[in-house]
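Structure, as structure tokens:
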Amino acid sequence: MALLTINGGRVLNGEIECQGSKNSALPILAACFLVRGKCEIHNCPKLSDIEGTINILKSLGCDVVFEQNTIVVDSRNASGYEIPEELMHEMRSSIIFLGAILGRSGRAVISTPGGCDIGLRPIDLHLSAIKKFGVEINEEHGILDCKCNEGLKGTAVTLSFPSVGATENIILAAATAEGTTTILNAAREPEVTDLADFLNACGAKIHCSSGIINIEGVKSLHGASHNVIPDRIVCATYLCATAVTRGEMLLKSVIPAHLGGVFPILDEMGCDLKVGSREIRITAPARLKKADKISTQPYPGFPTDLQAIFTTLACIADGTTVIVENIFECRFKHVPELLKMGAHIKTEGRVAVVEGIPCLSGANVISTDLRGSCALVLAGLCAKGTTVVGKINHLDRGYENFDETLTSLGASIVRTEEAHEKEDEKQTGANNSEQR
Ligand code: UD1
């Protein structure tokens, strides 16, 4: 596993383009299996989660080529319906294949998914919705055998919470089901709309409007080309990296409207934002101001995926910020690491009270999850002295060339393999040469 050594205190300045959205690309790639055609998906970021999804597509029998941020998936001859347990465990979004495989084959054998350790993350909403299509689910030893002998039948689903993944799974199951499906209290995230746009380009009939989604099932879908939307979370991450280092940056290839829940907080914290149709320029203040309250909500509210990152901003802001995590029950694992850097944070349940201090101090910290890792890197960028962030494999799940991009903006970051791993490799190398 790699680690990052960051010499803090460098101001970030410059101009970058935002990568495509991981959370859009993942369900769209799963949808390629449903399509039974050849699809070209452009603007896909090069990430370990994308590689994991490609491995699932290949295990199902698809031909997949990934070149220059374009993934070509040919699923015409694919006949698989089972996802190997080790591939399911790599990431939570593997659950999205359930709707796609059932929609295509009428049978799916999967296991419970993995992903970041940020709470219980059950899949009950996915499973109860899928059952409504006439699917029978048998669970034994963590393996789910899902069958529908007579073809999926459109249905009405009211979600008790607007789960992003469950909404996407229902869309995938419904796209080629017989009859019409309606989802009430559906997730409104831009990634859900992007999936619907892709499927519509393939011949589906999906209409999304204010939390209500209507899907008229079609007999079959055809291949299409699609451009994945820019990653709003990555975009906000770079805005925040600029904010903590008192820099100035122009971020291009973005959709500013997707950050409507974030701009008011950056504004409250004293950042100057100039928003164009596809770009954002940020100029940070000499010292960030507190935000009264940051409360995570489903889209269009403030995203849970930015909670950890804004905790870092609050750590060095002038005043006290209250952060409330409403989406996941266990998403403050970055806090003990930030405390090692001198932060003043108290947590109780889903609330963190962050008393800003003028400067954090460099320390050795460990990544806990994807966005938590990012919060630690940003803390390292603005801290006095050297910060070493361990286990940064989490980071590579969501950010394409993160350290290189930050370096291009003026940061001092070096990536190395962890020492004990080097020793392990030496040992393995020695063993291999002995065997040879
Ligand atoms: C997606 C995003 C993730 C983001 C999250 C919330 C992807 C690949 N990941 O995750 O980055 O943090 O949306 O914006 O798109 N829940 C249940 N039962 C279920 C499903 C969800 O109780 O069957 C709960 C979860 O435990 C969580 C909440 O609902 O507390 C939100 O989860 P959900 O919207 O489903 O998130 P994901 O789709 O997993």
Side-chain angles (χ1 to χ4, degrees), residues 21-23 26 49 91-93 95 112-126 160-166 187 189 191 231-237 240-241 244 259 261-262 265 269 291-315 317 320-341 343-356 360 365-380 389-399 402:
S21 163
K22 162 180 92 77
N23 289 353
L26 297 176
D49 272 11
M91 58 196 179
R92 178 171 168 88
S93 54
I95 187 68
T112 42
C116 276
D117 183 15
I118 53 177
L120 294 172
R121 305 195 84 173
I123 53 167
D124 55 320
L125 299 175
H126 297 249
S160 55
F161 178 87
S163 155
V164 175
E189 269 70 0
E191 295 78 19
D231 196 310
R232 63 195 166 100
I233 303 300
V234 171
C235 170
T237 303
C240 290
V244 291
L259 287 162
V262 180
I265 304 289
M269 295 184 99
D292 272 340
K293 187 176 172 191
I294 300 176
S295 179
T296 66
Q297 300 292 343
Y299 189 83
F302 184 89
T304 174
D305 283 350
L306 291 174
Q307 178 261 108
I309 293 160
F310 272 77
T311 303
T312 298
L313 266 65
C315 282
T320 299
T321 301
V322 176
I323 298 177
V324 185
E325 173 55 60
N326 292 302
I327 309 296
F328 291 102
E329 58 285 304
C330 188
R331 214 172 190 180
F332 284 132
K333 289 199 170 160
H334 48 284
V335 168
E337 302 304 306
L338 288 171
L339 294 179
K340 290 182 195 164
M341 301 180 72
H344 290 186
I345 309 173
K346 288 204 172 95
T347 56
E348 191 166 325
R350 289 171 180 259
V351 179
V353 178
V354 188
E355 190 194 320
L360 293 167
V365 290
I366 300 285
S367 297
T368 50
D369 59 78
L370 168 55
R371 307 303 170 184
S373 315
C374 223
L376 299 178
V377 173
L378 263 58
V389 186
K391 289 198 181 167
I392 53 139
N393 59 315
H394 292 291
L395 211 54
D396 299 334
R397 292 187 38 226
Y399 293 84
F402 192 47

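Everything numeric in this text was worked out from a predicted model, so none of it was measured. The chain is numbered in sequence order, starting from 1.
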Apply side-chain hydrogen bond (donor to acceptor under 3.5 Å, both in side chains) to [X] and list each qualifying residue two or more places apart in sequence or on a separate chain.
| X | result |
| --- | --- |
| E325 | T296, T304, Q307 |
| S163 | none |
| E337 | K340 |
| N326 | S295 |

Please give me the minimum heavy-atom distance between [X] and [Y], naming the atom from each residue.
| X | Y | answer |
| --- | --- | --- |
| G398 | L370 | N-CD1, 3.6 Å |
| G372 | T368 | CA-OG1, 4.2 Å |
| A317 | M269 | CB-CE, 4.2 Å |
| S93 | L26 | OG-CD1, 3.2 Å |
| P122 | R92 | O-NH2, 3.0 Å |
| C374 | F402 | SG-CZ, 3.8 Å |

Q: Establish, from distance only, whether the side-chain atoms of Y399 and R371 form a donor-acceptor pair under 3.5 Å.
A: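 Indeed, the side chains of Y399 and R371 share at least one donor-acceptor pair under 3.5 Å.
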**Q.** Pair T112-I123, side-chain contact (heavy atoms from CB on, under 4.5 Å): steps then yes or no
**A.** CA-CA 8 Å; T112 42; I123 53 167; 4.2 Å; yes
Student check: side-chain heavy atoms of [X] and [Y] closer than 4.5 Å:
| X | Y | answer |
| --- | --- | --- |
| C240 | T312 | no |
| I323 | V351 | no |
| L378 | L376 | no |
| V377 | L395 | yes |
| Y299 | P162 | no |
| D49 | D396 | no |
| T311 | H334 | yes |

Q) Does A343 have any side-chain contact (heavy atoms from CB on, under 4.5 Å) partners at least two apart in sequence or in another chain, and if so, which? A)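 Partners of A343 under the side-chain contact (heavy atoms from CB on, under 4.5 Å) test: C315, L338, I345, L360.
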Q: Return the set of residues passing side-chain contact (heavy atoms from CB on, under 4.5 Å) with K391 (not counting sequence neighbours), or none when no residue passes.
A: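 Applying side-chain contact (heavy atoms from CB on, under 4.5 Å) to K391 gives M1, I366, S367, N393, E418.
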Q) Is the closest basic N to carboxylate O distance between R232 and E191 below 4.0 Å? A)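 Yes, charged N to carboxylate O under 4.0 Å.
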Q: May I ask you to decide whether D305 forms a salt bridge with K22, counting only side-chain N to carboxylate O separations under 4.0 Å?
A: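 So D305 does not pair with K22 through a salt bridge.
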**Q.** Criterion side-chain contact (heavy atoms from CB on, under 4.5 Å) on T320 and V354, from CA distance to verdict
**A.** CA-CA 5 Å; T320 299; V354 188; 6.0 Å; no
Q: Starting at CG of N23, measure out to CG of D231 and round the result to the nearest 0.5 Å.
A: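 Nearest 0.5 Å value for the CG-CG distance: 6.5 Å.
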Q: Walk me through it: do R350 and F328 pass the test side-chain contact (heavy atoms from CB on, under 4.5 Å)?
A: CA-CA 8 Å; R350 289 171 180 259; F328 291 102; 5.8 Å; no
Q.
I'd like to know whether L313 forms a side-chain contact (heavy atoms from CB on, under 4.5 Å) with V244, so could you lay out the CA-CA distance, the side-chain angles of the two residues, the decisive distance to 0.1 Å, and finally the verdict.
A. CA-CA 6 Å; L313 266 65; V244 291; 3.5 Å; yes
Q: Check each of I327, V262, L259 against P303 using the side chain to side chain contact (heavy atoms under 4.5 Å, CB included) test, and report the only one that passes.
A: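 Of the listed residues I327, V262, L259, the side chain to side chain contact (heavy atoms under 4.5 Å, CB included) partner of P303 is V262.
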